[in-house]
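Count residues from 1 along the sequence.
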Amino acid sequence: MAGNAASRGRSVTSRALAILGAFDERHRQLGLTDLAARAGLPAATAHRLVADLVAWGALSRTESGKYVVGRRLWDIGLLAPVHTGLGQIASPYLHDLYGATRATVHLAVRDGRRALYVDRLSGHASVPVVSAIGSRLPLHATGVGKVLLAYAPAGVQSQVLDDLPRMTPYTVTQPGRLLRQLEKVREDDFATTGEEMTLGACSVAVPIRAGGDVVAALGVVLPQLKPDRGRLVGALHVAARGIGRSIPGPVAG
C-alpha cells in the first residue's frame, strides 16, 4: 500500500520513465507484473502506461507476452551525441582494427560507475562476449572499463572500489589489488583483463585522449593476449591517437 500511495504523487512522465528504467542488462524482457514491481507502480497503472508506450513504439510485446525495449527508442538513442559524434569519428579506425585482428573491437565511454559501449565490431571467429552497443558493464571487470576507471575522478574510483562484484572466478575483487592495477594502467598507458568479465575472453585496451583528457577507451577481445600483446597495444594506440585528433571538442558521456 505504501508504494501505491507514493506512486500517486508522481507525475505521468516520471511513472513512464520508471517503466523504461525497469529494463537493464539483466532484465531485457519483463512481464507486466515484474514491470510494475520494478517500477514501483500499481499493476493497473503500469498496464495503462505500458499500453501507451507500446502504441508509441517505446516498448514492444513479444510472442511470449513479455515486453522489451522498442525500436523507436533505439532510433532516438542513435541521435545522442555520444553515438553520432564519437561513433562516427571512430568508425573507420574500428574497422581497420577489426580487419587487422579479426577480434571483437570495443569503443566505450564512462557513464557513472559503468562502461557504456558506444560501438562494437565482431565476426563469426570472434570470442563470444556479453557486450553490446548501448550496454553498460562494470568498470573493474573489463579492459576498456579499467582504462576509464584509471582516469576517473577520485570519488568515482572510491565508489567502484566499495563494490566489486565477482563476474567470473578471475574477476579482481580486492580493492588494493585493483588500485595497483590502475596505477599500472596510468604508467603503461594500457589495461588488460584475463577472463574477468567472460570466461575464455581476454582483453587489452588503451585510452583515447582529446584536449589532454581521457574521453573514451578503445579495446579488443581475444582468447589470449600472448604473444601478440605488444602488437595489439601498438595498433590500439595508433587508432586511439587518430580518433583523439579527430574529435573537435568535448565528448558527451
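- In this structure, Ser11 contributes its side chain and Ser14 its backbone to a donor-acceptor pair below 3.5 Å.
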Quiz item: Given the rule in the salt bridge (charged side-chain N to carboxylate O under 4.0 Å, His left out) test, do Asp162 and Arg113 qualify, once you have shown the distances and angles that lead to the verdict?
Solution: CA-CA 11 Å; Asp162 285 341; Arg113 291 180 290 171; over 6 Å; no
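- Counting only distance, with no hydrogens or angles, the side chain of Arg114 and the backbone of Leu116 share no donor-acceptor pair below 3.5 Å.
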Exercise. List the steps, then state whether side chain to side chain contact (heavy atoms under 4.5 Å, CB included) holds for Val172 with Leu164.
Key: CA-CA 8 Å; Val172 177; Leu164 300 174; 5.8 Å; no
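- Every residue was checked against the salt bridge (Lys or Arg N to Asp or Glu O under 4.0 Å) condition with Asp163, not counting sequence neighbours, and none meets it.
- Applying the salt bridge (Lys or Arg N to Asp or Glu O under 4.0 Å) rule to pairs touching residues 175-184 yields Lys184-Asp188, sequence neighbours excluded.
- Between Leu73 and Trp56, the closest side-chain pair of non-hydrogen atoms falls below 4.5 Å.
- Legend: salt bridge (Lys or Arg N to Asp or Glu O under 4.0 Å) pairs involving residues 48-61, not counting sequence neighbours: none detected.
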Quiz prompt | Working for side chain to side chain contact (heavy atoms under 4.5 Å, CB included), residues Val105 and Leu218 | solution = CA-CA 7 Å; Val105 182; Leu218 182 66; 4.1 Å; yes
Quiz item: Could you go step by step and tell me if Leu178 and Gln181 meet the side chain to side chain contact (heavy atoms under 4.5 Å, CB included) rule?
Solution: CA-CA 5 Å; Leu178 182 58; Gln181 288 188 351; 3.9 Å; yes
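- Cation-pi check for Arg120 over Tyr98 is not met; the charged atom does not lie both under 6.0 angstrom from the ring centroid and within 45 degrees of its normal.
- Here the side chains of Leu236 and Tyr93 are not in contact, with every heavy-atom distance at 4.5 Å or above.
- Of the inter-residue distances, the one linking Leu97 atom CG with Arg102 atom CZ reads 12.0 Å to the nearest 0.5 angstrom.
- A donor-acceptor pair is defined here as one N or O able to donate and one able to accept, closer than 3.5 Å; no such pair exists between the side chain of Gln159 and the backbone of Gln157.
- By the 4.5 Å heavy-atom criterion applied to side chains, Asp189 and Arg209 are counted as neighbours.
- Atom OH of Tyr151 sits in a crowded spot, with more than 12 heavy atoms from other residues, nucleotides or ligands closer than 6.0 Å.
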Practice problem: Go through the steps to decide whether Val144 and Val147 satisfy the test side chain to side chain contact (heavy atoms under 4.5 Å, CB included), and finish with yes or no. | Solution: CA-CA 5 Å; Val144 289; Val147 167; 5.7 Å; no
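- When atom types are taken as modelled, the side chain of Glu195 and the backbone of Cys202 share no donor-acceptor pair closer than 3.5 angstrom.
- Under a 3.5 Å cut-off, the side chain of Arg72 and the backbone N or O of Gly57 do not form any donor-acceptor pair.
- Residues Thr62 and Gln29 are in side-chain contact: their nearest non-hydrogen atoms beyond the backbone lie under 4.5 Å apart.
- Two residues are said to be in side-chain contact when any heavy atoms from C-beta on lie closer than 4.5 Å; Thr168 and Met197 fail this criterion.
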